[in-house]
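The structure appears below as structure tokens.
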Amino acid sequence: MVSLLKGEKVLESVSPHPISFWPYYVFFLYYIIIGSYMYVKYDELLTTIKGYVPIDIIAIGILVFLWWIILIIPALIFSIMNIAWKWVLLYTLIAVVGTYLLAKNVIKLADIWILAVATGVIGAVLTESYRRSHRYIITNKRIIMGLYMGLFGARERSILYSQITDLTLKQGFLGKILNYGTIIPLTASGLGTGVD
């Protein structure tokens with residue numbers, strides 16, 4: 001795992017606080033809750049829509065449109081907040097796959113919501129796995145940040161205490177209450193052990 005320098009001792013080894021990944025857990029929990037709700041209330045929703053639009057194909061089209069909106073709008077908001085467009089791309093792909101499976105009669109319209117629940121559950125599990133794969137090791141000589149992903153490999157970065165010229169602290173409202181935050185040690189070149 002970690003190769004220690006001569007005379008070096010590990011003082012502490014920790015993973016990120018579970019609450020530090022709360023935006024991801026909330027994001028995936030949204031899909032679990034809304035997917036479950038839409039699956040359970042599907043017949044009631046279809047009956048309501050058919051009350052306004054008596055043509056079945058238009059009612060089904062409205063539900064497919066609703067499927068796209070419920071998947072993509074939150075992913076778009078999350079992407080803008082994190083400046084990472086992968087979320088919009090991922091959930092657009094899920095919407096396309098769900099629509100394709102529906103068009104090919106592989107699944108029923110009610111069952112399309114199970115796909116949203118499954119992506120939420122898988123996303124939450126992967127987020128927790130990713131959080132646990134991070135290790136911050138404090139020794140008597142340096143700080144080591146490692147990402148250890150088992151068979152998928154590992155990444156390590158370390159900074160000797162003598163190279164640290166400044167520290168950047170980022171702690172939001174929730175971090176102040178629950179006593180967690182992000183500390184980035186900076187070197188003369190401006191590099192730290194992680195990214196903000």
Side-chain angles (χ1 to χ4, degrees), residues 14-38 64-100 112-113 115-138 142-159 163-196:
V14 295
S15 287
H17 195 285
I19 302 296
S20 63
F21 280 71
W22 74 266
Y24 295 95
Y25 295 121
V26 169
F27 178 69
F28 293 120
L29 184 63
Y30 162 80
Y31 289 106
I32 294 169
I33 291 170
I34 200 76
S36 300
Y37 179 80
M38 294 299 282
V64 171
F65 179 73
L66 187 61
W67 156 257
W68 277 75
I69 294 296
I70 286 174
L71 283 182
I72 294 175
I73 296 297
L76 179 64
I77 293 167
F78 197 67
S79 290
I80 290 169
M81 288 172 50
N82 290 300
I83 312 171
W85 296 105
K86 62 186 173 191
W87 301 107
V88 171
L89 296 175
L90 174 65
Y91 278 91
T92 300
L93 178 65
I94 292 168
V96 167
V97 167
T99 305
Y100 176 78
I112 204 169
W113 297 105
L115 188 58
V117 172
T119 59
V121 169
I122 291 168
V125 168
L126 289 176
T127 298
E128 180 60 15
S129 174
Y130 184 72
R131 182 193 71 80
R132 288 176 183 238
S133 67
H134 281 79
R135 297 300 301 163
Y136 299 100
I137 302 163
I138 311 296
R142 62 187 171 147
I143 300 170
I144 305 165
M145 193 286 287
L147 179 60
Y148 307 100
M149 298 180 292
L151 297 173
F152 299 108
R155 274 190 322 209
E156 263 185 26
R157 189 162 187 183
S158 66
I159 295 180
Q163 295 175 332
I164 297 173
T165 59
D166 197 8
L167 290 173
T168 300
L169 172 64
K170 179 179 172 187
Q171 188 177 38
F173 176 73
L174 199 55
K176 285 187 181 287
I177 293 172
L178 299 173
N179 196 27
Y180 76 90
T182 302
I183 298 173
I184 301 174
L186 300 172
T187 63
S189 64
L191 297 175
T193 58
V195 293
D196 192 37

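Residue numbers start at 1 and run along the sequence shown.
- Expressed to the nearest 0.5 Å, how far CG of N179 lies from CD of Q171 amounts to 7.0 Å.
- Contact of the I80 side chain with the W85 side chain is registered, since non-hydrogen atoms from C-beta on lie closer than 4.5 Å.
- From I94, atom CD1 reaches atom CH2 of W68 across 11.0 Å, with rounding to the nearest 0.5 Å.
- With hydrogens and angles ignored, the 3.5 Å screen pairs no side-chain donor or acceptor of R132 with any backbone N or O of S15.
- Under the ring-ring contact (aromatic ring centres under 6.0 Å, His included) criterion, Y30 pairs with no residue at all, not counting sequence neighbours.
- With rounding to the nearest 0.5 Å, the separation of CD1 in I122 from CZ in F28 is 10.0 Å.
- Residue K170 is tested with I184, T182, I183 for a side-chain contact (heavy atoms from CB on, under 4.5 Å); the sole match is T182.
- Taking both residues in full, the closest heavy atoms of P16 and H134 are given as CD-CB, 3.5 Å, listed atom of the first, atom of the second, then distance.
- A distance of 10.0 Å separates CE in M145 from CD1 in I159, rounded to the nearest 0.5 Å.
- Taken to the nearest 0.5 Å, the CD1 atom of I143 stands 4.0 Å off from the CD1 atom of I164.
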Pair up each side-chain donor or acceptor in residues 19-26 with any protein partner under 3.5 Å, not counting sequence neighbours, and list the distances.
unit_1	atom_1	unit_2	atom_2	d
S20	OG	H17	O	2.5
Y25	OH	E128	OE1	2.3

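- With rounding to the nearest 0.5 Å, the separation of CD1 in I112 from CH2 in W67 is 4.5 Å.
- When every heavy atom of S158 is checked against every heavy atom of I144, the shortest pair comes out as CB-CG1, 3.8 Å.
- With hydrogens and angles disregarded, no donor-acceptor distance shorter than 3.5 Å links the side chain of S133 to the backbone of L147.
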Give every donor-acceptor pair under 3.5 Å between a side-chain atom in residues 72-79 and any protein atom, sequence neighbours left out.
unit_1	atom_1	unit_2	atom_2	d
S79	OG	A75	O	2.9
S79	OG	A84	O	3.0
S79	OG	V88	N	3.2

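- Across all non-hydrogen atoms, the minimal contact from Y31 to G120 is CB-CA, 4.2 Å.
- Summarising the geometry of R131 relative to P18, their closest heavy-atom pair is CD-CA, 3.5 Å, with the distance given to 0.1 Å.
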